[in-house]
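Everything on this sheet refers to the single structure shown next.
The residues of the chain are indexed from 1 along the displayed sequence. Just so you know, these numbers use all the heavy atoms, side chains as well, and skip hydrogens, waters and symmetry mates.
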Amino acid sequence: MHRIQIPTIHLDVLFRAAKEVTAPLFFLIASRPEIHIRDAFNEPFHNSFTLRIVLDDAYRPDADIKLFLESRFRDIKQKHSSLSQLQPPWPSEPDIARLVQKSSGQFIYASTVMKYIDSQYYWPPDRLNVIFGLSAPGDDIPFASWTPSTVTSLLQSPILTKSWTS
């Protein structure tokens with residue numbers, strides 16, 4: 001993975017472009033809370049038209065992850081029309097709540113699980129059972145497509161680090 005250093009002067013160029021262009025223009029800048037970047041965003045000129053979302057312990061992504069999961073399950077049900085006929089309805093609310101909990105605030109987990117479940121070659125409830133450890137994966141292993149950098153990134157996330165050291 002390449003890390004790009006954005007000197008403050010480049011941020012100034014982005015801010016000026018956003019301020020001077022008449023068409024809607026949006027930039028997403030994601031960063032660790034490095035002091036020079038934080039200071040650049042705290043300047044009055046920059047702060048007046050930026051929105052900061054701090055993803056620290058106060059950020060609660062569970063509601064967003066639940067919404068994401070519910071939306072993806074609706075998409076899957078549309079692809080597999082027989083899923084709408086299942087009784088009790090699939091997935092259950094406890095299933096979704098369990099996936100939210102297993103996500104630990106990490107969208108990458110929820111996204112990867114949904115990609116795994118949403119396969120045209122497999123029955124989605126069976127795939128969900130594999131995720132929950134209720135059945136063996138056979139030759140189809142969840143998360144097999146994760147690259148080493150994805151695993152490293154996930155293992156270095158503050159949420160996992162905090163839970164391992166607590």
Side-chain angles (χ1 to χ4, degrees), residues 1-6 24-35 37-38 41-42 47 50-166:
M1 176 178 6
H2 298 286
R3 182 178 293 189
I4 300 172
Q5 295 284 341
I6 302 179
L25 180 64
F26 298 94
F27 293 103
L28 172 64
I29 300 173
S31 170
R32 293 185 173 132
E34 295 180 20
I35 192 73
I37 295 174
R38 188 174 48 229
F41 280 94
N42 286 336
N47 201 16
T50 60
L51 172 66
R52 181 183 302 183
I53 301 173
V54 180
L55 303 179
D56 59 7
D57 290 338
Y59 174 68
R60 304 284 184 236
D62 288 356
D64 291 336
I65 290 173
K66 182 176 189 264
L67 188 66
F68 167 77
L69 291 170
E70 290 170 341
S71 173
R72 288 299 314 269
F73 277 121
R74 273 192 303 277
D75 294 345
I76 291 171
K77 285 180 175 181
Q78 286 178 346
K79 291 179 194 173
H80 299 270
S81 58
S82 56
L83 287 172
S84 299
Q85 312 304 320
L86 289 179
Q87 289 300 324
W90 181 88
S92 67
E93 282 296 320
D95 288 341
I96 292 174
R98 189 171 175 193
L99 286 174
V100 169
Q101 179 194 21
K102 288 175 72 73
S103 294
S104 300
Q106 302 292 316
F107 268 94
I108 190 166
Y109 178 85
S111 176
T112 303
V113 163
M114 294 313 297
K115 286 177 187 174
Y116 176 74
I117 292 170
D118 187 15
S119 171
Q120 62 183 359
Y121 304 111
Y122 295 91
W123 183 235
D126 291 345
R127 307 277 290 218
L128 184 59
N129 286 340
V130 169
I131 294 297
F132 289 151
L134 301 175
S135 59
D139 63 350
D140 183 46
I141 301 170
F143 314 116
S145 65
W146 281 19
T147 64
S149 64
T150 302
V151 174
T152 301
S153 175
L154 185 59
L155 291 175
Q156 291 175 344
S157 79
I159 291 175
L160 289 179
T161 303
K162 187 174 184 179
S163 65
W164 284 356
T165 58
S166 297

Check: Can L83 and F73 be said to form a side chain to side chain contact (heavy atoms under 4.5 Å, CB included), step by step?
Finding: CA-CA 10 Å; L83 287 172; F73 277 121; over 6 Å; no
Taking the side chain from [X] and the backbone from [Y], do they hold a donor-acceptor pair closer than 3.5 Å?
X    : Y    : value
T112 : I108 : yes
N129 : D126 : no
S119 : Y121 : yes

Which atom of [X] lies closest to which atom of [Y], heavy atoms considered:
X    : Y    : answer
F107 : D64  : CZ-CB, 3.6 Å
H80  : Y122 : CE1-O, 4.0 Å
A110 : S103 : CB-OG, 3.6 Å
I65  : Q106 : CD1-N, 3.9 Å
I117 : R127 : CA-CB, 3.8 Å

Margin query: Please enumerate all residues that pass ring pair (Phe, Tyr, Trp, His ring centres under 6.0 Å) together with F68, with sequence neighbours excluded.
Written below: none
Reported [atom1]-to-[atom2] distance for the pair [X] and [Y], which is rounded to 0.5 angstrom:
X    : Y    : atom1 : atom2 : answer
I76  : S84  : CD1   : OG    : 11.5 Å
Y109 : S111 : OH    : OG    : 12.0 Å
I131 : K102 : CD1   : NZ    : 7.5 Å

Check: Sequence neighbours excluded, which residues qualify as side chain to side chain donor-acceptor pair (under 3.5 Å) partners of S81?
Finding: none
Next item on the list: Indicate yes or no: at least one non-hydrogen side-chain atom of Y116 is less than 4.5 angstrom from one of L128.
Entry: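 Y116 does not reach L128 side chain to side chain.
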Check: Is it the case that more than 12 heavy atoms not belonging to K77 sit under 6.0 Å from its NZ atom?
Finding: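 Enclosed.
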Check: Does NZ belonging to K115 count more than 12 external heavy atoms closer than 6.0 Å?
Finding: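 Open.
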Margin query: Evaluate V113 against L99 for side chain to side chain contact (heavy atoms under 4.5 Å, CB included), listing each step before the verdict.
Written below: CA-CA 9 Å; V113 163; L99 286 174; 4.0 Å; yes
Notebook entry, point to check: With the threshold set at 4.0 Å, does a side-chain nitrogen-carboxylate oxygen contact exist between R74 and E70?
Noted result: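 Answer for the salt bridge query: no.
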